[in-house]
Amino acid sequence: MDERGVLDPGLLTRLFELGVMGVEIPDAFGGAGASFFHSVLAVEALSRVDPAVGVVADVQNTLVVNALLRWGTPDQQRHHLTRLARDTVGAYALSEAGSGSDAFALTTRATLRGDGYVLDGRKLWITNAAEAGVFIVFATLDPAAGYKGITAFLVERGTSGLTIGHKEDKLGIRASSTCELLFEGCAVPRTQLLGEAGKGYKIAIETLNEWRIGIGAQMLGLAEGALEHALRYTQERKQFGKSIAEFQGVQFQLARAATDIEAARLLVYNAARLRDARQPFLKEAAMCKLFASEVAERTASLAVNLFGGYGFVKDYPVEKLYRDAKIGQIYEGTTNLQLQTIAKQLLAR
Ligand SMILES: Cc1cc2nc3c(=O)[nH]c(=O)nc-3n(C[C@H](O)[C@H](O)[C@H](O)COP(=O)(O)OP(=O)(O)OC[C@H]3O[C@@H](n4cnc5c(N)ncnc54)[C@H](O)[C@@H]3O)c2cc1C
């Protein structure tokens with residue numbers, strides 16, 4: 001999947017059958033009826049093996065399903081959650097060419113026309129776009145109103161005026177699709193407005209805070225996977241007449257990585273726990289994403305080193321995990337933006 005940059009459709013079917021694409025969706029809609037914390041555990045477990053698969057489930061659960069559970073009308077929930085639990089992938093389209101970290105500088109326009117809206121603009125970097133059946137799209141009803149013009153819409157694949165554009169050829173998480181979306185006179189019925197007109201910024205802020213915990217879990221799983229590979233290999237590989245894991249220099253590196261991972265796990269679980277307990281978690285979510293993404297990069301890098309020459313080639317999975325780790329410090333708010341969020345919280349006291 002990594003080489004071809006394509007997610008195996010059979011795997012997607014299995015993810016739905018296992019219930020990991022609808023972790024928080026209530027039983028009544030065919031979901032697993034579990035908690036946000038369970039979504040985080042699923043993302044961690046999948047990412048141990050393949051972080052590209054982890055992010056597919058992460059966007060589905062912690063962004064799309066989560067937003068529908070909180071802001072969807074009963075009709076929207078019945079229609080979309082039922083499909084999201086069964087066989088439909090969701091995507092979340094906020095970023096644009098000119099608005100990444102400064103997300104609310106978006107320029108995709110929504111114009112009220114008749115009994116609905118018409119969307120025009122271009123989104124970039126949209127995870128799951130190649131597979132998605134439904135998109136949460138952020139657009140502005142009034143650019144002059146700044147963030148107060150931003151409104152969220154549910155747009156189904158196949159809607160006239162929506163085109164799935166160029167698919168990115170990425171460094172890592174290559175099996176997860178990342179595409180541009182083009183909106184040209186895309187008519188969306190009024191019933192598909194999510195939340196309230198002009199309140200899309202609130203949906204974006206709140207879901208992104210939660211997605212951050214999901215990315216922390218993805219990076220945690222990645223680090224766990226890398227350490228598992230390193231532990232196995234260092235016990236098998238012999239140099240100087242013994243396994244390289246018998247050298248104290250190697251043992252200390254493994255011990256430090258395990259400690260890093262334990263700390264990352266506690267940060268991720270704590271943020272998820274606070275979120276489920278409806279306690280403030282903004283700072284904790286930023287910290288867990290910041291730290292887990294750094295631990296993932298450090299641990300994957302160590303694993304590559306411990307594999308020696310084999311770490312640098314594609315015969316073993318650590319080369320892939322090293323490439324996959326990089327995204328953790330970029331999407332869902334770059335490392336600088338997480339530091340900014342944490343500092344703001346500290347200085348607000
Ligand atoms: C693989 C992938 C998947 C993605 N999936 C999605 C998705 O599903 N949906 C979606 O909406 N978006 C998605 N994104 C977009 C992603 O969230 C943005 O790329 C990210 O927020 C960074 O924005 P940018 O690329 O415009 O970088 P920029 O905002 O241009 O940042 C460039 C650099 O400037 C720094 N910088 C910017 N502002 C500041 C500041 N105020 N202080 C200090 N430093 C600053 C940043 O830290 C960074 O180092 C995805 C991106 C990728 C690569």
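This one's a predicted model, so the numbers in the text were calculated from it and none came from an experiment. When a ligand or atom number is given, it counts from 1 through the structure's own listing order.
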Would you tabulate the polar-atom pairs, meaning N/O of ligand 1 against N/O of the protein, with distances under 3.5 Å, reported to 0.1 Å?
{"unit_1": "ligand 1", "atom_1": "5 (N)", "unit_2": "W125", "atom_2": "O", "d": "2.8"}
{"unit_1": "ligand 1", "atom_1": "5 (N)", "unit_2": "T127", "atom_2": "OG1", "d": "2.7"}
{"unit_1": "ligand 1", "atom_1": "8 (O)", "unit_2": "T127", "atom_2": "N", "d": "3.0"}
{"unit_1": "ligand 1", "atom_1": "8 (O)", "unit_2": "T127", "atom_2": "OG1", "d": "3.2"}
{"unit_1": "ligand 1", "atom_1": "9 (N)", "unit_2": "Y92", "atom_2": "O", "d": "2.8"}
{"unit_1": "ligand 1", "atom_1": "11 (O)", "unit_2": "L94", "atom_2": "N", "d": "2.9"}
{"unit_1": "ligand 1", "atom_1": "11 (O)", "unit_2": "S95", "atom_2": "N", "d": "2.8"}
{"unit_1": "ligand 1", "atom_1": "11 (O)", "unit_2": "S95", "atom_2": "OG", "d": "3.2"}
{"unit_1": "ligand 1", "atom_1": "12 (N)", "unit_2": "S95", "atom_2": "OG", "d": "2.7"}
{"unit_1": "ligand 1", "atom_1": "14 (N)", "unit_2": "W125", "atom_2": "O", "d": "3.4"}
{"unit_1": "ligand 1", "atom_1": "17 (O)", "unit_2": "E332", "atom_2": "N", "d": "3.4"}
{"unit_1": "ligand 1", "atom_1": "23 (O)", "unit_2": "S101", "atom_2": "N", "d": "3.4"}
{"unit_1": "ligand 1", "atom_1": "29 (O)", "unit_2": "S101", "atom_2": "N", "d": "3.0"}
{"unit_1": "ligand 1", "atom_1": "29 (O)", "unit_2": "S101", "atom_2": "OG", "d": "2.5"}
{"unit_1": "ligand 1", "atom_1": "41 (N)", "unit_2": "Q340", "atom_2": "NE2", "d": "3.4"}
{"unit_1": "ligand 1", "atom_1": "44 (N)", "unit_2": "N336", "atom_2": "ND2", "d": "3.0"}
{"unit_1": "ligand 1", "atom_1": "47 (O)", "unit_2": "T334", "atom_2": "OG1", "d": "2.6"}

Ionic contact status for E210 with R70, cut-off 4.0 Å: yes
Side-chain donor-acceptor contact under 3.5 Å, E96 with T108: yes
Test item: side-chain donor near acceptor, R275 and N66, under 3.5 Å: yes
Cationic N near anionic O, under 4.0 Å, D260 to R256: no
Check: Y269 ring centre within less than 6.0 Å of F37 ring centre: yes
Proximity of F138 and F104 rings by center, below 6.0 Å: no
